[in-house]
Amino acid sequence: MSERLEIAGRALQRPLCNHCLGRLFASVSRGLTNDQRGAIVRSCLPDGPQQPVSMNDCHVCRGLFSELQKFADISARASEGYEFSTFLVGTKVDAEVLEREEAFWTELGAKETETIKTEMNREIGKLLEKKLGKSVDFANPDMVFLVDTQFDRVVLDVSPLFVYGRYRKFSRELPQTRWICRECRGKGCPRCDGKGRMYDMSVQDYTGPIVMRHAQGEDDFFHGMGREDIDARMLGNGRPFAVEVRRPRKRTLDMPAIEREINDGARGIVEIEGLRMSTRAEMRNLKESTHPKTYRVSVRFQTDFDHGKLNEVVTSLAGKPISQLTPNRVVHRRANLERLRTVRSIRVESVNGSEVVFVVEADSGTYIKELMHGDQGRTQPNVAGIVGVPCEVLELDVIAIGDKGA
Ligand SMILES: [Zn+2]
Ligand SMILES: [Zn+2]
């Protein structure tokens, strides 16, 4: 203790408020505020209790700690109109104050310190907890108050909100997300008929804006667990997705009402179910997960063929790995890679002359159209190759996501 008292004695050769005195020894004991700790240190000095200085004279903070309540009040006012239950405070303190604090520590050789920002954050946080009846959360706050102590300003960092659901898509002309025109980047040009986008609507357009309006947010993003081709329907149990709403003012949402509104507006085109609140972590998980998918795909062979060959298709593909180079149709925008995927099962559902309907369960990321026609040999083996007759894909549907099969 004597070394600490010696540091305290030297520190008090300058005017210091109790906060800035106590912070020199912040890691010595728990359960005290720096303000209380400073008062105790002061009373322990051999020369007897030293009079605390007026806060505004404090060598380090120049009175910043007398403004805590004001910062809490400004923050509370800034957050009016936003629904949130947890928050965190971040403080911006003048560089001058920070430099003074650091130089002072060096001069004193103080090593048990805490930064002024950390104390400001905590103390404003405590005042706000009391004032708002909400609690500080370090990991996942709904709201972060960025308090600029120099200009008495607060910037709100409102955490986005995530809503999870599953969608089915019955249209063969609907992309999953908004597709902004590459040529004009949304401004409108001849390529996009002046619309700024390549398709008028998307699954995102049928869902995101409605969730955003209910949450009174400012922007919406769509995260799918993978995506199907524009011309493929998404049937069965639907595809998991999450809508992200930026800067929401409301976080308690009437999910059944939102679900009804979306389904009424998208009748016959998109259908959603199971809407509920989600988290950023779940959204990340969703985007990274790789579930197998089951497809129904109908193909037409160029000529009649020996139907016995279909047994050969089944035996030579089921449970086997296939090699796929990035398809010709997407290679202009994706790296040309070889992928190995497994066809978990394949069966023939119906045969009508040269038209065949297959049900295929395959690894996530398998290009099904290419598995059928072979993509000029870029997918090996492939159905057309095994049958010995070229074929084209007429229709493709995703009928299940996950290990369910069809
Ligand atoms: Zn001070
Ligand atoms: Zn355009």
Side-chain angles (χ1 to χ4, degrees), residues 4 7-29 32-45 49-72 89 91-127 147-152 173-175 177-202 204-205 230 332-333:
R4 288 176 186 145
I7 290 177
R10 278 193 290 127
L12 283 175
Q13 285 165 16
R14 301 197 196 243
L16 275 190
C17 74
N18 280 343
H19 288 270
C20 294
L21 177 59
R23 224 168 41 254
L24 292 171
F25 311 101
S27 60
V28 176
S29 62
L32 289 176
T33 65
N34 286 318
D35 193 24
Q36 294 165 330
R37 191 178 289 113
I40 293 171
V41 170
R42 207 181 286 278
S43 69
C44 287
L45 283 172
Q50 320 250 326
Q51 285 311 304
V53 293
S54 148
M55 278 235 195
N56 290 341
D57 295 333
C58 175
H59 166 64
V60 176
C61 74
R62 303 277 156 85
L64 210 48
F65 284 96
S66 61
E67 300 182 74
L68 290 174
Q69 187 63 52
K70 180 184 71 185
F71 294 137
V89 175
T91 311
K92 187 165 178 260
V93 177
D94 308 9
E96 230 177 82
V97 175
L98 300 178
E99 280 163 25
R100 250 190 342 257
E101 177 171 68
E102 218 163 292
F104 192 46
W105 292 349
T106 310
E107 177 190 319
L108 294 170
K111 297 211 162 55
E112 297 169 310
T113 55
E114 176 181 70
T115 65
I116 191 166
K117 279 192 195 184
T118 307
E119 185 181 2
M120 294 290 293
N121 293 348
R122 188 175 54 242
E123 295 303 324
I124 297 170
K126 283 198 271 190
L127 292 172
V147 181
D148 185 331
T149 60
Q150 189 176 8
F151 298 106
D152 293 350
E173 301 172 324
L174 192 71
T177 51
R178 251 166 243 148
W179 187 348
I180 303 298
C181 174
R182 262 193 297 271
E183 205 78 34
C184 64
R185 295 173 178 273
K187 275 187 260 164
C189 70
R191 180 175 185 250
C192 58
D193 276 342
K195 292 180 203 154
R197 43 170 76 192
M198 302 309 289
Y199 286 81
D200 287 343
M201 291 297 280
S202 63
Q204 177 180 16
D205 287 303
I230 290 171
H332 62 281
R333 56 190 161 93

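One-based numbering, in listed order, for ligands and for the atoms of each. Everything quoted here is computed from the prediction, not taken from an experiment.
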Worksheet entry | Pair Glu67-Thr149, side-chain contact (heavy atoms from CB on, under 4.5 Å): steps then yes or no | CA-CA 9 Å; Glu67 300 182 74; Thr149 60; over 6 Å; no
Fill in: Among Glu114, Glu123, Glu112, Glu119, salt bridge (Lys or Arg N to Asp or Glu O under 4.0 Å) partner for Arg23
Glu119
Worksheet item: What class does the angle between the rings of Trp179 and Tyr199 fall in, given that below 30° is parallel, 30 to 60° is tilted and above 60° is perpendicular?
Response: parallel
Worksheet item: Which heavy atom in Arg10 sits nearest to a heavy atom in Glu107, and how many Å separate them?
Response: NH1-O, 3.5 Å
Worksheet item: Does the side-chain contact (heavy atoms from CB on, under 4.5 Å) test come out yes or no for Leu64 and Val93, once each step is laid out?
Response: CA-CA 9 Å; Leu64 210 48; Val93 177; 4.0 Å; yes
Worksheet item: Does NZ in Lys126 sit with more than 12 non-hydrogen atoms of other residues, nucleotides or ligands closer than 6.0 Å?
Response: yes
Worksheet item: Is the distance from the Zn ion (ligand 1) to some N, O or S atom of His19 under 2.8 Å?
Response: no
Worksheet item: Between SG of Cys20 and SG of Cys61, what angle is found at the Zn ion (ligand 1), rounded to 10 degrees?
Response: 110°
Discussion item. Restricting to non-hydrogen atoms, name the atom on Gly196 and the atom on Cys184 that form the minimum distance, rounded to 0.1 Å.
Written reply: CA-SG, 4.0 Å
Response to the item:
Any protein N, O or S atom under 2.8 Å from the Zn ion (ligand 2)? Found Cys181 SG, Cys184 SG, Cys189 SG, Cys192 SG
Discussion item. Under 2.8 Å from the Zn ion (ligand 1) - does any N, O or S atom of His59 fall there?
Written reply: no
